[in-house]
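Here is the naming used below: chain letters follow the sequence lines, and residue numbers restart at 1 for every chain.
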There are 2 protein chains.
Amino acid sequence: MRRNVSRSDAARGDVYQIGDVAERVGLSLRTVRYYEEAGLLMPVGRTVGGFRLYDADAIERLLLIRKMKPLGFTLEEMRSLLTLRDELAAPDLAADTRAALQERLGTWVLLAEEKLSTLREQVSVAESFVGGLHDDADRRGGTA
Amino acid sequence: MRRNVSRSDAARGDVYQIGDVAERVGLSLRTVRYYEEAGLLMPVGRTVGGFRLYDADAIERLLLIRKMKPLGFTLEEMRSLLTLRDELAAPDLAADTRAALQERLGTWVLLAEEKLSTLREQVSVAESFVGGLHDDADRRGGTA
DNA sequence: GGACAACTCGACCCTAACGTCAGCGTAGGT
DNA sequence: ACCTACGCTGACGTTAGGGTCGAGTTGTCC
């Protein structure tokens, strides 16, 4: 039986506890806690008893993190990138500051594309391996 | 200055020491030793002084292992699969034995294809992430 | 037959990104 | 008050190696 914490707080500021969050984004509790430890994601608050509380933004953030994972970013890298994104999200930035941040973001884009291309290479390596396996499996008789 | 161990032994039975092997397949010495510890690959022998010696088959094997890595097999899984392949390579197998082995190989093929498809999914997740990054980077002004 | 550089050995500790377990406290419904 | 599901911290385990150490081994050159 699921608890509906969502309805407990009115006024559009829904909060979720870690189990809900984990289920929604498909990560383990441990992983969510570890991401906090790694500085990737802080809970918006805690209950009196110490339960972590998250909001919808946290869920977004976790989904984003999940998307980065296949690219092989380390948590450290993700932390940097997310921080950068956060800084860019501020609405009152001097133009030059914003430009500087955006240039740093460009570096990340390049890095991500690099990683993407190595990921693609891995797919083709994997394909050739699976092809080879098929050969091994289909060759019923002898090699000669 | 590279030692050319290859020419030291005549009669087509070339042996290489670990450094040569590692360089040829693009793995570290540590990794090659670790693979041995994990039961993936035994040296064909040792020198009097205890240096590991490998032959061309070993190199093949390592290259194969490298091809499996992108599919996310654990070393344990690779060990099983390689062992199975070794068993199938025996020339004097009863037909039913061979059939049994080949069926097990079929399971591996399925597993590999599964892993390949999740790898492909990862590529598309990664692509969408990189696309999102581009959006963030290109959006120079404000969100509204 | 000694010097020497390059190579290798086993042993050890270290890391990232979690999994898993234990022991204990909390949230909220009845 | 009680129950049960949920969560907390802390600690150790795991995988696939990386790094480093001091000590031993090879091949080569004199």
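- Taking 4.0 angstrom as the limit, R46(A) places a side-chain polar atom (N or O) nearer than this to OP1 or OP2 of dT9(D).
- When each of K69(B) and G50(A) is assigned the nucleotide of DNA chain D with its nearest heavy atom, G50(A) is the one assigned upstream, toward the 5' end.
- In the set dG18(D), dG7(D), dT8(C), dT8(C) carries the atom at the smallest distance from any side-chain atom of Q17(B).
- Within 4.0 Å (heavy atoms only), R52(A) reaches sugar-phosphate atoms of the nucleic acid but no base atom.
- Between F73(B) and W108(B), the two ring planes are tilted [angle within 30° to 60°].
- When the P atom of dC18(C) is taken as reference, atom CD of E37(A) falls 12 Å away, rounded to whole Å.
- The distance between atom OH of Y16(A) and atom C1' of dG28(C), rounded to the nearest whole Å, is 19 Å.
- Ion pair R33(A)/E36(A) not flagged as a salt bridge, since none of the NZ, NE, NH1 or NH2 atoms sits closer than 4.0 Å to an Asp/Glu carboxylate oxygen.
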Inset, instruction - Go through S28(B) and T31(B) one step at a time and tell me if the side-chain hydrogen bond (donor to acceptor under 3.5 Å, both in side chains) criterion holds. - result: CA-CA 5 Å; S28(B) 69; T31(B) 299; 2.8 Å; yes
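- At whole-Å resolution of the value, CD in E76(B) and C1' in dG17(D) are 16 Å apart.
- When distances are taken from the side chain of T47(A) to each of dA27(C), dT8(C), dC18(C), the shortest belongs to dA27(C).
- Both G49(A) and Y35(A) lie near DNA chain C, and the one whose nearest nucleotide falls closer to the 5' end is Y35(A).
- Residue R30(B) contributes atom CZ, which lies 11 Å from atom P of dG19(D) at whole-angstrom precision.
- With rounding to the nearest 0.5 Å, the separation of CG in L27(B) from CD1 in I59(B) is 11.0 Å.
- Straight-line distance from the CD1 atom of I18(B) to the P atom of dG24(D): 20 Å, rounded to whole Å.
- In this entry the distance linking CZ of F51(A) with P of dC8(D) reads 6 Å, nearest Å.
- Salt bridge annotation for E127(B)-R120(A): present, with a cationic side-chain nitrogen under 4.0 angstrom from a carboxylate oxygen.
- Within the 4.0 Å cut-off from OP1 or OP2 of dA17(C), not a single side-chain nitrogen or oxygen of T31(A) is found.
- When the C1' atom of dC21(C) is taken as reference, atom CZ of R33(A) falls 12 Å away, rounded to whole Å.
- Distance R66(B) CZ to dA16(D) P: 17 Å, rounded to the nearest Å.
- Looking at which nucleotide of DNA chain C each of V48(A) and L29(A) is closest to, the 5′-most match is held by L29(A).
- With dG19(C), dC8(D), dG17(D) as the candidates, the nucleotide lying closest to the side chain of S28(A) is dG19(C).
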